[in-house]
Amino acid sequence: MGSKITVIGSGSVGATITYTLAQESYVSELLMIDINKDKADGEAMDIVQGTAFRNPISIISGSYEDAKDSDIVIITSGLPRKPGQTRIELAQTNVNIVKSIAKEIVPVAPNAIYVIVANPVDIMTHAFLKVSGLPESHVIGSGTLLDTTRLRYVLSDKLKIGQKNIHAYVFGEHGDSSFVPWSCLNVTGVPYLEYAELAKQMGIEVDELDHDEIENYVHVSGGEIIKRKGATFYGVAMSVVNLCGMLSAASESITTVSTLLHGEYGVSDVCTSMLTVVGPEGVKGRLEVKLDDEEVAKFQDSANRLKAVIAELDLN
């Protein structure tokens, strides 16, 4: 029997995640919950009508009580930032939403692994963990998973090699203070500079990497999409579904997600992203790969910016 997954929030992100999950063979049940019940009803009906081409799957909308026995719960609910609204104001508004959700869902599905997608995701992950009382291993923020896919896309274009062959990551906050630890960049185990030389010998023209330009692409591309079409949801949906696959697999995988740190790179008591081992039991641990001094400083600065926001929030 496959996984039962509950998606809370039926906006563009929640609905696209549900639709994408409906294509995955490891999923047998999908539940959609939204404060706007008609919206959840319509999305579930629309999605389930396209499932005739796969093995049978249950896709329904419902209430929190229906989430019993969920293996994974994905929380996408939250409001977008309004003109003139400060980041702190947005964070507090969405923290309040996450707190209300935690009170409803955790008693019903206490053994599920929770994936937080609502923004600002690192702060929402921290808040949900604090108010839910769940084990740390069962609360995961989508973090810089999407940022990492954006990074690999642009590197693939410049290095003329498939994205699956590129090992590069975005660490820190899912936001402006995130950074790329370039010292970790390799192509299937071959350091970048060595790969570039070997590629040239094979007649492959590899573009020179402008680190600042690439990091700027990672930081601003989401905003550019929002400016053009109003929201981003395909990329984050694919990222979250990929994470759910890791959580439903037979063994662990390594990815960049937001979890509570305990001294890694000198950072504690904040949720942020670094290489993390995840699998069917949730978070197994984190890989503190060697970073240079500048990269460690960037990681600590990113964490401190998150802590400054958290310090101004009411989490009770």
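For clarity, every value in this text was computed on a predicted model and none was experimentally measured.
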Closest contact, heavy atoms only, Thr20 versus Ala237: OG1-CB, 4.1 Å

Got more than 12 heavy atoms from elsewhere within 6.0 Å of CE, Met246? yes

What closest approach, in Å, do Gly222 and Arg150 show between heavy atoms, and which atom pair accounts for it? CA-NH2, 3.5 Å

Over all heavy atoms of both residues, which pair between Cys271 and Thr125 is shortest? Give the atoms and the distance, please. SG-CG2, 3.9 Å

Donor-acceptor pair, distance only, cut-off 3.5 Å: does the side chain of Ser28 make one with the backbone of Gly2? yes

For residues Ser178 and His219, is any side-chain donor paired with an opposing acceptor at under 3.5 Å? yes

In short, Ser248 meets Ile72 closest at the heavy-atom pair OG-CD1, 3.8 Å

Arg286 (side chain) donor-acceptor with Met274 (main chain) under 3.5 angstrom: no

Let me see the working for Lys298 and Asp293 under salt bridge (Lys or Arg N to Asp or Glu O under 4.0 Å), right down to the final yes or no. CA-CA 9 Å; Lys298 287 181 177 179; Asp293 290 345; over 6 Å; no

Glu205 CD: over 12 foreign heavy atoms closer than 6.0 Å: no

Side-chain contact test, heavy atoms from C-beta onward, threshold under 4.5 Å: evaluate it for Tyr153 versus Ser221 and give yes or no. no

Would a 4.5 Å heavy-atom cut-off, applied to side chains only, mark Thr276 and Val283 as touching? yes

Is the side chain of Asp122 donor-acceptor paired with the backbone N or O of His174 at a distance under 3.5 Å, no angle test? yes

Consider only side-chain N and O atoms of Asn165 and Thr188, and report whether a donor and an acceptor are under 3.5 Å apart. no

Just so I know, are the side chains of Tyr195 and Leu159 near enough to count as touching, which here means a heavy-atom distance under 4.5 Å? yes

What I'd like to find out is whether the side chain of Tyr192 reaches to under 4.5 Å of the side chain of Ile166, using heavy atoms alone. no

Taking the side chain as every heavy atom from C-beta outward, state whether Leu155 and Leu185 have any atom pair closer than 4.5 Å. yes

Strictly by modelled atom types, are Ser61 and Glu43 linked by a side-chain donor-acceptor pair under 3.5 Å? no

If the threshold is 4.0 Å, N to carboxylate O, is there a salt bridge linking Asp210 and Lys158? no

Which atom pair, heavy atoms only, marks the closest approach of Tyr169 to Cys184? CD1-CB, 4.4 Å

Residues Ser273 and Thr256: side-chain donor-acceptor under 3.5 angstrom: no

Please say which of Ile5, Thr76, Val115 ends up in a side chain to side chain contact (heavy atoms under 4.5 Å, CB included) with Ile17. Thr76

Taking atom types as modelled, is there a side-chain donor on Ser25 or Arg54 under 3.5 Å from an acceptor on the other? no

Short question: side chain of Asp34, backbone of Ser10 - any donor-acceptor pair under 3.5 Å? yes

Between OG1 of Thr232 and CG of Leu146, what distance do you get to the nearest 0.5 Å? 6.5 Å

Can you confirm whether the side chains of Glu281 and His138 place a donor and an acceptor under 3.5 Å from each other? no

Sole residue of Glu215, Glu295, Glu294 in side-chain hydrogen bond (donor to acceptor under 3.5 Å, both in side chains) with Trp182: Glu215

Ser58 side chain to Glu29 main-chain N or O, any donor-acceptor pair under 3.5 Å? no

Polar side chain donor-acceptor pair, Gln92 to Asn96, under 3.5 angstrom: yes

Backbone of Val170 reached by a side-chain donor or acceptor of Thr148 within 3.5 Å: yes

CG of Leu31 to CG of Asp66: how many Å apart, nearest 0.5 Å? 5.5 Å

Do the side chain of Ser302 and the main chain of Phe299 share a donor and acceptor less than 3.5 angstrom apart? no

Which pair of non-hydrogen atoms, one from Glu136 and one from Leu260, has the smallest distance, and what is that distance? OE2-CD2, 3.5 Å

Flag the pair Leu209 / His211 as yes when at least one side-chain heavy-atom distance between them is below 4.5 Å, and no otherwise. yes

More than 12 heavy atoms of other residues, nucleotides or ligands under 6.0 Å from NZ of Lys229: is that the case? yes

Contact between Phe171 and Val180 at the side-chain level, heavy atoms closer than 4.5 Å - yes or no? no

Let me confirm one number: the CG-CG distance from Asn94 to Asn119, rounded to the nearest 0.5 Å. 8.0 Å

Quick one: does any side-chain atom of Glu264 pair with a main-chain N or O of His262 as donor and acceptor, under 3.5 Å? yes

Just by modelled atom types, is the Val108 backbone N or O under 3.5 Å from a matching donor or acceptor in the Tyr64 side chain? no

Does a sphere of radius 6.0 Å around CD1 in Ile35 hold more than 12 heavy atoms from other residues, nucleotides or ligands, not counting ones at 6.0 Å or beyond? no

State whether Lys227 and Glu224 are salt-bridged, where the test is any N-O pair (Lys NZ or Arg NE/NH1/NH2 against Asp/Glu carboxylate O) under 4.0 Å. yes

Salt bridge or not for Lys68 and Glu65, using N-O below 4.0 Å? no

Specify whether Phe128 and Tyr114 have parallel, tilted or perpendicular ring planes, treating 30° as the upper limit for parallel and 60° as the lower limit for perpendicular. tilted

Taking NZ, NE, NH1 and NH2 as the nitrogens, is one of them in Asp207 or Lys160 under 4.0 Å from a carboxylate oxygen of the other? yes

Donor-acceptor under 3.5 Å (Gln300 side chain, Tyr265 main chain): yes

